[in-house]
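A short write-up of the structure that comes next.
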Amino acid sequence: MKPSIWRNRSEFESVIVEAAFAGLMWERDETTLWQGGNRKLVDVRGDGLTIDAKVGFVHDVLLGGDEKVSALGYMGSNRPAPEVRAGVSHYGIGVVTGSTDVTVAGQSIQVEGNLSVDRYLIPAEVINGDFSRKHIRAGGTGAGFNRYLPLDLARQFLVP
């Protein structure tokens, strides 16, 4: 039987982002716990931080009128303020680039990827105060659940 090959899959991005922040925290504290998945409140605990990892993206958004700026965004919740739940000190927003291919041959599954993640480690108070639903993606019809922070402000939270 010929194997099936699935190219450029993005379903793994949430786990990749969690792994990126678990690795970052492990470099700082080897007692770091990666407890992601399964819709847990905290994905990574380490170095005194509790991190909820989120897949991020960069879109052009409208700040008001027709002024477009590039902004870091993520899919927010439908909760009333505050966005960040108690017990989370930071959001780890990761923008994934690259691709992942999956090959399935019977019961054998092979996952291959060449990915990188831009990691933004953002304190809860910044998420609650500065990220906004009010910014509308350029060309969009409404704000939806996405929350954005202009990229020039977000860069201060980018970690190597």
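Values below: every heavy atom of this structure, side chains too, minus hydrogens, waters and symmetry copies. Here the structure is a predicted model, which is why all the values come from computation and not from measurement.
- A continuous path of hydrophobic side-chain contacts links Leu153 to Val126 [ILVMFWY only; heavy atoms under 4.5 Å].
- A distance-only check finds no donor-acceptor pair linking the side chain of Ser89 to the backbone of Leu49 [under 3.5 Å].
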For the pair Asp101 and Arg7, evaluate salt bridge (charged side-chain N to carboxylate O under 4.0 Å, His left out) and give the outcome as yes or no after the intermediate values. CA-CA 4 Å; Asp101 298 338; Arg7 302 220 181 269; 3.1 Å; yes
Using side chain to side chain contact (heavy atoms under 4.5 Å, CB included), reason through Val102 and Val104 one step at a time and then give a plain yes or no. CA-CA 7 Å; Val102 179; Val104 180; 4.1 Å; yes
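- Donor-acceptor pairing under 3.5 Å is recorded for the side chains of Glu83 and Ser77.
- Contact check for Asp43 versus Ile51: no side-chain heavy atoms found under the 4.5 Å cut-off.
- When atom types are taken as modelled, the side chain of Asn146 and the backbone of Gly73 share no donor-acceptor pair closer than 3.5 angstrom.
- Residue Val44 is grouped with residue Val55 when hydrophobic side chains (ILVMFWY) are merged at heavy-atom distances under 4.5 angstrom, including chains of intermediate members.
- In this structure, Thr97 and Ser116 approach most closely via the heavy-atom pair OG1-OG, 2.7 Å.
- Linking Ile, Leu, Val, Met, Phe, Trp and Tyr whenever their side-chain heavy atoms come within less than 4.5 Å puts Trp6 and Val15 in one cluster.
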Stepwise side chain to side chain contact (heavy atoms under 4.5 Å, CB included) test for Ile93 and Ile127: CA-CA 10 Å; Ile93 299 177; Ile127 296 291; 4.1 Å; yes
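- Heavy-atom minimum distance, Ser99 versus Asn8: CB-OD1, 3.0 Å.
- Across all their heavy atoms, Thr32 and Met25 have their closest contact at OG1-O, 3.1 Å.
- Thr103 has its side chain out of reach of Ile109: every pair of non-hydrogen atoms, C-beta onward, lies at least 4.5 Å apart.
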I would like to know whether Tyr74 and Tyr148 meet ring pair (Phe, Tyr, Trp, His ring centres under 6.0 Å); could you show each step before the answer? CA-CA 7 Å; Tyr74 72 95; Tyr148 293 102; 8.7 Å; no
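- Closest approach of Phe57 and Val95 over heavy atoms only: N-CG2, 3.9 Å.
- Smallest separation of non-hydrogen atoms from Ala71 and Val61: CB-CG2, 3.7 Å.
- Linking Ile, Leu, Val, Met, Phe, Trp and Tyr residues whenever their side-chain heavy atoms come within less than 4.5 Å leaves Val17 and Trp26 in two separate clusters.
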Worked check of side chain to side chain contact (heavy atoms under 4.5 Å, CB included) between Leu158 and Arg119: CA-CA 6 Å; Leu158 185 63; Arg119 300 176 293 193; 5.5 Å; no
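- Two residues are said to be in side-chain contact when any heavy atoms from C-beta on lie closer than 4.5 Å; Asp52 and Arg85 meet this criterion.
- By the 6.0 Å contact criterion, CG on Asn114 is open, its count of non-hydrogen atoms from other residues, nucleotides or ligands being 12 or less.
- In this structure, the side chains of Glu11 and Thr100 stay at 4.5 Å or more apart for every pair of heavy atoms.
- Between Ala53 and Glu18, the shortest heavy-atom contact is CB-CG, 3.8 Å.
- Separation of atoms CG (Asp130) and CZ (Arg147) is listed at 12.0 Å; rounding is to 0.5 Å.
- Hydrophobic clustering places Val42 together with Tyr120 (ILVMFWY residues linked when any side-chain heavy atoms are closer than 4.5 Å, directly or through intermediates).
- Inter-residue side-chain proximity for Arg155 and Leu151 is flagged as met; some heavy-atom pair is nearer than 4.5 Å.
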Given the rule in the side chain to side chain contact (heavy atoms under 4.5 Å, CB included) test, do Ile122 and Leu72 qualify, once you have shown the distances and angles that lead to the verdict? CA-CA 11 Å; Ile122 304 175; Leu72 174 66; 4.0 Å; yes
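- Both tests pass for Lys54 against the ring of Tyr91: distance under 6.0 Å to the centre and angle within 45° of the axis.
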